[in-house]
Engineer: 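Can you read through this structure? Questions will come right after.
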2 protein chains.
Amino acid sequence: MQETMTDEMLELVAQRFRLLSDPMRLRILHHLQSGERSVGQLVEATGASQPNVSKHLSTLKMHGLVKRRQEGNMAYFSIGTPFVFDLCNSVCTNMQEEWQERQSVLGGNG
Amino acid sequence: MQETMTDEMLELVAQRFRLLSDPMRLRILHHLQSGERSVGQLVEATGASQPNVSKHLSTLKMHGLVKRRQEGNMAYFSIGTPFVFDLCNSVCTNMQEEWQERQSVLGGNG
DNA sequence: TAAAAGTATGAGTTCATAGGCATATTGAAT
DNA sequence: ATTCAATATGCCTATGAACTCATACTTTTA
């Protein structure tokens, strides 16, 4: 973090993190990682309802995490800012490290 | 993100991000970045109420983002996982990049 | 033991949001 | 023009969480 953090900056950063704090949104992003997907495909893949998927996509798009492309009847979404996966990877890595530490503390070295 | 993400993993990652999705918690972490602080110091620095600060610290501690040390009457807290600052820096950097892009799009190059 | 300071916790309130359902909108096909 | 398919949106509800106030807990001091 920087030396000085204004209230507005804190609010914006928190907002960004809040976008990633929902499992369904993470699942959608995860499926988009392998490429562009239509709403229907995401509904199929996530098991969520179509309105729910559409709303999450709308939220993600509003904040630039996702891009939208229309083709006929269908709307295709894709990742807007690949850096989100860096964030997720960092969190995953850190969690794994903590688990390993905890395990070695609990279970000794055997 | 990894190739396979179980529901439990998604839930845990989301939980981690949710911890960072609150401005007050970010502010507390930000103040801890320069070193260990007592609850009273954080109350003073953040302007939040003492119960509020204590609860946030309790939440952060429960998830390992913060460590607690007791000395007499006082409780001193410090950063448990420095990697959170990497996450915040990534977000800040990315936001700045997007702003610059937006500015050059809106304002041209002059 | 009593009082005071620092911190933690519980009850209650308020606010944000995820999700479901119904329906509106948009484009394609007949 | 009508009907159908894909997607978006509005309303509603329920759940979670941040905050406040009051109070309990804990350690120090008198």
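Lettering follows sequence order; numbering is per chain, from 1.
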Engineer: Where each residue is assigned the nucleotide of DNA chain C containing its nearest heavy atom, which of Met24(A) and Gly72(A) is assigned the position nearer the 5′ end?
Structural biologist: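 Nearest nucleotide further toward 5': that of Met24(A).
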
Engineer: Return the value, rounded to whole Å, for the distance between atom CD of Gln50(B) and atom C1' of dA8(C).
Structural biologist: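 Distance check: Gln50(B) CD to dA8(C) C1' gives 7 Å.
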
Engineer: Please state how far atom CD in Glu71(A) lies from atom C1' in dT26(C), giving the value in whole angstrom units.
Structural biologist: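 Taking atom C1' of dT26(C) as the reference, CD of Glu71(A) is at 15 Å.
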
Engineer: Can you confirm whether the side chains of Glu97(A) and Thr93(A) place a donor and an acceptor under 3.5 Å from each other?
Structural biologist: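 No - no donor-acceptor pair under 3.5 Å links their side chains.
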
Engineer: Rounded to whole Å, please give me the gap between CE in Met74(A) and P in dT7(D).
Structural biologist: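 Taking CE of Met74(A) and P of dT7(D), I get 5 Å after rounding.
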
Engineer: Where do Val13(B) and Cys92(A) come nearest, in terms of heavy atoms and distance?
Structural biologist: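 Nearest pair, atom of Val13(B) first, then Cys92(A): CG2-SG, 3.8 Å.
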
Engineer: Hey, does the side chain of Arg25(B) reach the backbone of Leu60(B) with a donor-acceptor pair shorter than 3.5 angstrom?
Structural biologist: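 The answer is no, because no donor-acceptor pair under 3.5 Å joins these two groups.
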
Engineer: Taking only side-chain N and O atoms of Arg18(A), does any of them lie within less than 4.0 angstrom of OP1 or OP2 on dA16(C)?
Structural biologist: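 Indeed not, no polar side-chain atom of Arg18(A) lies that close.
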
Engineer: Base, sugar-phosphate or nothing for Ser54(A)? Non-hydrogen atoms, less than 4.0 Å.
Structural biologist: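 Counting heavy atoms under 4.0 Å across all strands, the contact made by Ser54(A) includes a base.
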
Engineer: Rounding to an integer number of Å, can you tell me how far Asn73(B) CG sits from dT26(D) C1'?
Structural biologist: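 Rounded to whole Å, this separation is 7 Å.
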
Engineer: Output the rounded distance in Å from CD (Gln70(A)) to C1' (dA28(C)).
Structural biologist: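 Atom-to-atom, Gln70(A) to dA28(C), this comes out as 12 Å.
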
Engineer: Using five pairs at each end of the helix from dT1(C)-dA30(D) to dT30(C)-dA1(D) to define an axis, what is the angle between those two axes, to 10°?
Structural biologist: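 The two end axes of the helix from dT1(C)-dA30(D) to dT30(C)-dA1(D) meet at 10°.
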
Engineer: Within the pair His56(A) and dT17(C), is there a side-chain N or O less than 4.0 Å away from OP1 or OP2?
Structural biologist: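 So the side chain of His56(A) is outside the cut-off, no N or O lying under 4.0 Å from OP1 or OP2 of dT17(C).
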
Engineer: Between the side chain of Thr59(B) and the main-chain N/O of Lys55(B), is any donor-acceptor distance below 3.5 Å?
Structural biologist: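 Yes, the answer is positive, given that a donor and an acceptor are paired below the 3.5 Å cut-off.
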
Engineer: Taking for each residue the nucleotide of DNA chain C bearing the nearest heavy atom, is the 5' side occupied by Tyr76(B) or by Pro51(A)?
Structural biologist: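 Between the two, 5'-proximity favours Tyr76(B).
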
Engineer: Can you check the Arg68(A) CZ to dA8(D) C1' distance for me, whole Å?
Structural biologist: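 Whole-Å distance recorded here is 8 Å.
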
Engineer: So does Glu44(A) have more than 12 non-hydrogen atoms from other groups sitting under 6.0 Å from CD?
Structural biologist: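 Incorrect, the count does not exceed 12.
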
Engineer: Arg69(B) CZ to dT7(C) P: how many Å, rounded?
Structural biologist: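 About 12 Å, once rounded to whole Å.
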
Engineer: Any side-chain heavy-atom pair from Leu26(A) and Met5(B) closer than 4.5 angstrom?
Structural biologist: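 The answer is no, as the side chains (C-beta and beyond) never meet within the 4.5 Å cut-off.
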
Engineer: Write down the atom of Pro23(B), the atom of Leu10(A), and the distance for their closest heavy-atom approach.
Structural biologist: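 Looking at all heavy atoms of both residues, the closest pair is O-CD1, 4.3 Å.
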
Engineer: Within this structure, what is the CZ-to-P distance between Arg37(A) and dA6(D), rounded to whole angstrom?
Structural biologist: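 Rounding to the nearest Å, CZ of Arg37(A) and P of dA6(D) are 17 Å apart.
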
Engineer: Does any donor-acceptor pair link the side chain of Lys55(A) with the base of dT17(C) at a separation under 3.5 Å?
Structural biologist: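 Side chain to base: no pair below 3.5 Å.
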
Engineer: For dT20(D), does either OP1 or OP2 sit under 4.0 Å from a side-chain N or O belonging to Ser49(B)?
Structural biologist: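 Looking at the OP1 and OP2 atoms of dT20(D), one of them is under 4.0 Å from a side-chain N or O of Ser49(B).
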
